[in-house]
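Each ligand, and each atom within it, is numbered from 1 in the order the structure gives.
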Amino acid sequence: MSNATPESNTENKLPFVLAITGASGSIYGLRLLQYLLEIEQPVELLISKGALCVMKEELDLDFGSIDQPEAFISRVLSYLSLPVDLPDHVALRLHRLDNYGASVASGSYRTMGMAVVPCSLGTLGAIASGLTESLIYRASQVALKERRPFLVLLREMPFGHIQLKNMLTLSEAGAIVASASPGFYHKPKTIADQIDFVVGRVLDQFGFDHSLFKRWKEDAQPLPYFSACNQIETQESK
Ligand SMILES: Cc1cc2nc3c(=O)[nH]c(=O)nc-3n(C[C@H](O)[C@H](O)[C@H](O)COP(=O)(O)O)c2cc1C
């Protein structure tokens with residue numbers, strides 16, 4: 001909650017499409033959602049049944065049924081320690097996955113891009129195969145065909161041959177293929193630090209300004225001009 005960088009000019013932002021699927025690590029998707037709403041970024045939210053199952057198992061969370069969207073959203077917001085009444089310009093829209101008439105099913109509905117966080121292997125395979133049986137798959141195809149930023153966050157270890165091929169297919173189609181692999185160079189102390197590292201690197205891919213983790217060399221003093229020249233000369237003279 002404390003690391004968000006509030007932005008002015010919050011109105012008229014294009015929405016961010018966030019899909020949370022049933023891979024381990026649904027906390028990454030929830031933390032990303034929390035951050036986006038904190039900075040007053042409109043979000044189109046897609047959550048698979050598999051994700052709901054994982055949330056129950058990993059986080060002891062039960063948001064209820066997506067068929068009752070208002071109750072569902074207020075439970076999600078309450079879990080994320082966000083006010084249940086979001087400001088009018090901060091839209092959080094939850095979509096049923098069988099609603100192919102939803103805004104995000106069409107390329108003519110403009111968005112700033114889409115992330116699948118985390119992305120299960122099943123969803124990875126479906127997107128790589130061009131399937132559209134779920135609104136998550138259809139919205140993914142839309143993001144790719146419209147050449148919008150599109151990211152999948154995998155958590156698997158190890159990867160099999162089929163998943164590697166699917167990742168390559170998506171990368172060749174323009175997707176950003178990311179893995180939930182927290183670094184250690186920012187000296188994390190807690191699991192929350194690790195989660196924020198991964199979520200921060202996802203946000204980086206979409207150009208969001210944030211301070212969810214300390215960047216490499218963030219505190220380094222810039223080299224004085226002459227000192228930098230000396231270094232170059234020294235290296236060249238070797
Ligand atoms: C606790 C738990 C953890 C799971 N972790 C993973 C995982 O890391 N990767 C994965 O591909 N599937 C995982 N699964 C299985 C998927 O949830 C399952 O294949 C589901 O059908 C995926 O559907 P979806 O892509 O529509 O969410 C997990 C299931 C449970 C219950």
Salt bridge (charged side-chain N to carboxylate O under 4.0 Å, His left out) between Arg215 and Asp204, worked out: CA-CA 11 Å; Arg215 293 175 187 280; Asp204 284 348; 2.7 Å; yes
Chi angles and distances behind the side chain to side chain contact (heavy atoms under 4.5 Å, CB included) call for Arg93, Leu45: CA-CA 6 Å; Arg93 292 189 208 88; Leu45 184 61; over 6 Å; no
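Distance from atom 20 (C) of ligand 1 to its nearest protein heavy atom, with residue and atom name: Gly50 CA, 4.5 Å. Annotation: atom 11 (O) of ligand 1 to nearest protein heavy atom, Leu121 N, 2.7 Å. In this structure, atom 2 (C) of ligand 1 lies nearest to the protein heavy atom Val54 CG2, 3.7 Å. Regarding atom 23 (O) of ligand 1, its nearest protein heavy-atom neighbour is Ser120 OG, 4.2 Å.
Considering CD1 of Ile27 and CZ of Arg31, their distance stands at 9.0 Å, rounded to 0.5 Å.
Linking ILVMFWY side-chain heavy atoms closer than 4.5 Å, directly or via other members, places Ile47 and Leu59 in a single hydrophobic cluster. Cluster membership for Ile191 and Val202, using ILVMFWY side-chain heavy atoms within less than 4.5 angstrom, is shared.
At a threshold of 4.0 Å, the pair Asp193-Lys187 does not count as salt-bridged, since none of the basic side-chain nitrogens sits closer than that to a carboxylate oxygen.
Considering backbone and side-chain N/O atoms, Glu57 never comes within less than 3.5 Å of an N/O atom of ligand 1. Geometrically, ligand 1 and Ser24 share a nitrogen or oxygen pair separated by less than 3.5 Å. Checking only distances, Gly22 does come within under 3.5 Å of ligand 1, N or O to N or O. At under 3.5 Å, a nitrogen or oxygen of Glu156, whether backbone or side chain, sits near a nitrogen or oxygen of ligand 1.
A donor-acceptor pair shorter than 3.5 Å cannot be found between the side chains of Tyr35 and Gln41. Remark: the Gln141 side chain and the Arg138 side chain contain no N/O donor-acceptor pair separated by less than 3.5 Å.
Protein non-hydrogen atoms do not reach within 4.0 Å of atom 18 (C) of ligand 1. Atom 26 (O) of ligand 1 is flagged as protein-proximal [any protein heavy atom, distance under 4.0 Å]. The protein reaches atom 9 (N) of ligand 1 closely, with a heavy atom under 4.0 angstrom from it.
Residue Thr21 approaches ligand 1 through these ligand atoms, each under 4.0 Å from one of its heavy atoms: 25 (O), 27 (O). The Thr123 neighbourhood of ligand 1 comprises atoms 24 (P), 25 (O), 26 (O), with distances under 4.0 Å to a heavy atom of that residue. Numbered from 1 in the order shown, with element, the atoms of ligand 1 that lie under 4.0 Å from a heavy atom of Ser48 read 24 (P), 26 (O), 27 (O).
Between Phe197 and Tyr185, the ring centre distance stays below 6.0 Å.
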